[in-house]
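Have a look at the structure below before the remarks.
In what follows, every heavy atom counts, from backbone to side chain, and hydrogens, waters and symmetry copies are set aside. Order of listing sets the numbers, starting from 1, for every ligand and every atom in it. All of these numbers come straight from a predicted model, not from anything done at the bench.
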Amino acid sequence: MAVVLRERRHLNLKLHLPQTLQHFTPATATTTAAATSFADLEKLQVLGNGNSGTVYKVRHKQTSAVYALKLVHTNLDPILRRQTLLELEILRCTDSPYVIRSHGTFEKPNGDVGILLEYMDAGTLDHLLKTTGTFSEETIAAVAKQILNGLNYLHSHKIVHRDIKPSNLLVNENMEVKIADFGVSKIMRRTLDPCNSYVGTCAYMSPERFDPEAYGGNYDGYAGDIWSFGLTLMELYLGYFPLLTSGQRPDWATLMCAICFGEPPRLPESASEEFRSFLGCCLEKESGKRWTAAQLLTHPFVSGNPETER
Ligand SMILES: Nc1ncnc2c1ncn2[C@@H]1O[C@H](COP(=O)(O)OP(=O)(O)OP(=O)(O)O)[C@@H](O)[C@H]1O
């Protein structure tokens, strides 16, 4: 299995999307414990609703193992179906402790697709922020290092996430953080492949993604992920979205002005010099000056963090 994975990576994930799900045997799955059909799973509760479908907490009837089952209603929407197949392919090819693992996929006769995922019992960073309040710098450094390890892994395999935000980062009770929801991700087929589509949550978009025309019509998707990552950390520190005006998320026009024409958001004086410097490296308006995930891992804000090896 490891050999197969290495070969895939060597090929830089030059993928051909299949038309059906029959090909999707997850490369990283513990398939012995995984279900083979919907009938093997007992639904326990709804974990959340996304744009594309519903996520359930489920139990495997024979093994009692608990998973999250993402059910996507792809039958009516060919674009959603194509994107779901791409999400599945990314999940199947990734093998990192910092990226959510898939344990299998199923398709219902009506075209609904089920993705069996590892269950993260503390939910999303967004949920944690709302229930337990703002994060200390120490916790943010530990969280940041894990997300960076995940981004570094994805970017080195030519995958751009394109929707990094607190609600797409899952946590378990050990405070292990994993990147999830590849619903709008992109696999870069060539090194210089540009991103040029307007996808992802616009609040967390970098200036060059918000206004690609001003940057020659294309943007560096990897650098876009770093901007979103920077805004995410800032939100964990402040307890609210950093570009928030008057207590509510700004509308599209206000957001565009703030992101494209305003100064990048900065941390208040109460934050340490190291944290402010770190975020400055993430929130550079010029994408070429923004640090990469690999570079950020060497920044003193995270490099000294004693995160246990996974
Ligand atoms: N593996 C998981 N473990 C635990 N909870 C999960 C898991 N995956 C998703 N969830 C929960 O289900 C919710 C909905 O997840 P989903 O992936 O559909 O994404 P979303 O980011 O809310 O939506 P969208 O796909 O529209 O961006 C999440 O916000 C989270 O609370």
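Looking only at atom types and distance, the side chain of Ser136 has no donor-acceptor partner in the side chain of Glu138 under 3.5 Å away. Checked by atom type, the side-chain pair Thr94/His157 shows no donor-acceptor distance below 3.5 Å.
The aromatic rings of Phe278 and Phe301 sit tilted relative to each other, their planes meeting at an angle between 30° and 60°.
Atom CG of Asn152 is separated from atom OG1 of Thr292 by 7.0 Å, given to the nearest 0.5 angstrom. If you take CD1 on Ile179 and CG on Leu154, they are separated by 5.0 Å, rounding to the nearest 0.5 Å.
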As a test of reading the model: which N/O atoms of the protein lie under 3.5 Å from N/O atoms of ligand 1, and at what distance?
from     : atom 1 : to     : atom 2 : distance (Å)
ligand 1 : 1 (N)  : Glu118 : O      : 2.8
ligand 1 : 3 (N)  : Met120 : N      : 3.0
ligand 1 : 17 (O) : Lys70  : NZ     : 3.0
ligand 1 : 19 (O) : Asp181 : OD2    : 3.2
ligand 1 : 21 (O) : Asn168 : OD1    : 2.7
ligand 1 : 21 (O) : Asp181 : OD2    : 2.8
ligand 1 : 25 (O) : Asp181 : OD2    : 3.1
ligand 1 : 26 (O) : Asn51  : N      : 2.5
ligand 1 : 26 (O) : Asn51  : ND2    : 3.1
ligand 1 : 27 (O) : Asp181 : OD2    : 2.9

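Checking side-chain atoms of Lys285 against main-chain N and O of Gly262 turns up a donor-acceptor pair under 3.5 Å.
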